[in-house]
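From a predicted model like this one, the values you see are computed outputs, not experimental measurements.
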Amino acid sequence: MSRTPTARLARRATLRRSARLLGEFRFEQSDPDRFYGALAHDTALLIDDLYRDVTGQTLFGATVLDVGGGPGYYAKEFAELGAGYYAVEPDPTEMHAAGLPPAGAVRGSGMALPIRTDAVDVCFSSNVAEHVPRPWSMAAEMLRVTRPGGLMVLSYTVWLGPFGGHETGPWHYLGGERAARRYRRRHGREPKNRYGRSLFEVRAGDGLRWAAGAVGADLVAAFPRYHPRWAWPVVRVPGLREVATSNLVLVLAPTDARHR
C-alpha cells in the first residue's frame, strides 16, 4: 500500500494549476457554469492520469460512474476522453440545475447504489462525501461496484480546511450551526449547504482510516487535491492535515480478495 501519488499527476500538479483552480473558486456562487466546468475538466484529467498510471491503460472505452453527478458538467469531459460516462444523483433539482440533458444519469442514493457489483472500471465522487450523512457507507458502495483491476477515486472537502463550511466559511470554525445562523442573518436566506442536513463534518483522518481498513482494496494514493506536488506531504501529518489539506483524494484499487 502506497500513499505516494502517481507520476503523471505529480508532473501536472504545479503551483500554476493550484493558483488557477483557487481563482475559479471565486465564481462558485456568481458563475457556477464557469466554476464547475473548470473543476470537471481538471477532474477528468486527474482521473485519466491515475487510471493510466495504475492500470497502464487510457480511459478510452472504460466505463466511468460518477456518484453524485449533479447537473452533468462531467459528462462532456469524460466523453472527450472516450469513456462511457454514467452518473447517480439523488436530487432531481440538482440533476437539472444547469439545463443540461441528464443522459446516462439515474436517480439514486450513493449509500445504496442501483448498480450491480463489479460493473464499472472507474467509480469516482467529487465533493459529495461531505454532503452525505454516512460517507463511508457511500465509499463502501463505490468499492462494491468497481471491478477488480479498476479504480475508485473519492475526493471530498475536509471540514477543518478553509472551504469546509462551503459558503458559510470561515465562520464554520466557530461551529457549523453558528455559521449557518450568521449566513441567514447576513443574506436573508438559508445557505444552500445546511449544516447537519446537507453538510456534515468529515475529517481527513476519517477517510485515511477507512481506506486503510477497506477489505479487498489497496490504497494507491492519498493526497490534497488542489495543492502543488511539494505540499502533498501534509497528508502524512496528523492534526496539520485537517487544516491544510482542504480537499482529500483517496485512490483505491479493488482486488479479487472481496470475493474470497
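Note on Leu160 and Phe200: separate hydrophobic clusters, where clusters join Ile, Leu, Val, Met, Phe, Trp and Tyr whose side-chain heavy atoms are under 4.5 Å apart, directly or indirectly. Note: the hydrophobic cluster containing Met142 also contains Val106 (ILVMFWY, side chain heavy atoms under 4.5 Å, direct or indirect links). Criterion: ILVMFWY side-chain heavy atoms under 4.5 Å apart, direct or through other members. Under it, Leu50 and Leu81 are part of a common hydrophobic cluster. No continuous path of hydrophobic side-chain contacts links Leu45 to Phe78 [ILVMFWY only; heavy atoms under 4.5 Å].
The backbone N or O of Arg8 lies less than 3.5 Å from a partner atom in the side chain of Asp53, making a donor-acceptor pair. Checked by atom type and distance alone, the side chain of Arg147 never pairs as donor or acceptor with a backbone atom of Asp118 at under 3.5 Å. A donor-acceptor pair under 3.5 Å is formed between the side chain of Glu242 and the backbone N or O of Gly205. For the pair Ser125 (side chain) and Val67 (backbone), a donor-acceptor distance under 3.5 Å is present. Side-chain N or O atoms of Glu141 include one that pairs as donor or acceptor with a backbone N or O of Leu113 at under 3.5 Å. Although no hydrogens or angles enter the test, the distance criterion places no donor-acceptor pair under 3.5 Å between the side chain of Asn193 and the main chain of Leu199. Judged purely by atom type and a 3.5 angstrom limit, Arg144 uses its side chain to pair as donor or acceptor with the backbone of Ile115. Side chain of Tyr173 to backbone of Gly161: a donor-acceptor contact under 3.5 angstrom is found. Looking only at distances, no side-chain donor or acceptor of Asp121 sits under 3.5 Å from a matching main-chain atom of Gly150.
Between Glu190 and Arg181 there is no salt bridge, since no side-chain N of the basic residue sits under 4.0 Å from a carboxylate O of the acidic one. Arg17 has a carboxylate O that lies under 4.0 Å from a charged side-chain N of Asp42, or vice versa, which qualifies the two as a salt bridge.
Annotation: the span from Thr168 atom OG1 to Arg186 atom CZ amounts to 13.0 Å, rounded to 0.5 Å. Atom-to-atom distance recorded for His131:NE2 and Lys192:NZ is 7.5 Å, nearest 0.5 angstrom. With rounding to the nearest 0.5 angstrom, the CE atom of Met138 is 8.5 Å from the SG atom of Cys123. Interatomic distance, CD of Glu130 versus OG of Ser198, reported as 10.5 Å (0.5 Å rounding). Leu46 CG to Arg12 CZ: the interatomic distance, rounded to the nearest 0.5 Å, is 6.0 Å. Here the CG-CG distance, from Leu208 to Leu219, works out to 7.5 Å after rounding to the nearest 0.5 Å.
Leu250 has its side chain out of reach of Met152: every pair of non-hydrogen atoms, C-beta onward, lies at least 4.5 Å apart. With contacts defined as side-chain heavy-atom distances shorter than 4.5 Å, the pair Leu151/Val251 qualifies. In this structure, Leu39 and Asn127 have side chains that are in contact, with non-hydrogen atoms separated by less than 4.5 Å. At a threshold of 4.5 Å between non-hydrogen side-chain atoms, the residues Tyr86 and Val120 do not count as touching.
For CH2 of Trp171, the number of neighbouring non-hydrogen atoms (other residues, nucleotides, ligands) closer than 6.0 Å is 12 at most. No more than 12 heavy atoms of other residues, nucleotides or ligands lie within 6.0 Å of CZ in Arg178, so this atom counts as exposed by the packing criterion. Surrounding CZ of Arg184 are more than 12 heavy atoms belonging to other residues, nucleotides or ligands, all under 6.0 Å away.
Tyr156 has its ring centre less than 6.0 Å from the ring centre of Trp136.
Residues Val88 and Gly108 approach most closely at CG1-O, 3.3 Å, considering heavy atoms. The two residues Glu77 and Tyr73 come nearest to each other via the heavy atoms CG-O, 4.0 Å. Here the closest heavy-atom approach between residue Ser126 and residue Thr43 is recorded as OG-OG1, 4.3 Å. Shown here for Pro224 and Ala231, the closest heavy-atom pair between the two residues is CG-O, 4.3 Å. Closest non-hydrogen pair, Val243 versus Pro162, comes out as O-CD, 3.7 Å. Nearest approach of Pro135 to Val132, heavy atoms of both residues: CD-O, 3.3 Å.
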Inset, instruction - Given ring pair (Phe, Tyr, Trp, His ring centres under 6.0 Å), test Tyr51 with Phe124 step by step and report yes or no. - result: CA-CA 12 Å; Tyr51 194 71; Phe124 82 96; over 10 Å; no
Legend entry - Pair Tyr195-Glu201, side chain to side chain contact (heavy atoms under 4.5 Å, CB included): steps then yes or no: CA-CA 9 Å; Tyr195 177 75; Glu201 299 184 25; 2.5 Å; yes
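Just one residue in the list Leu65, Leu59, Thr63, Asp66 forms a side-chain contact (heavy atoms from CB on, under 4.5 Å) with Val122, and that residue is Leu59. When the options Arg194, Arg182, His172 are evaluated for a side-chain hydrogen bond (donor to acceptor under 3.5 Å, both in side chains) with Glu177, the one that passes is Arg194. Remark: of the listed residues Thr55, Asp48, Asp49, Asp48 is the sole one forming a side-chain hydrogen bond (donor to acceptor under 3.5 Å, both in side chains) with Arg52.
Neither side chain, Glu167 nor His187, offers a donor N or O lying under 3.5 Å from an acceptor on the other. Side-chain contact, Tyr183 with Arg189: a donor N or O sits under 3.5 Å from an acceptor N or O.
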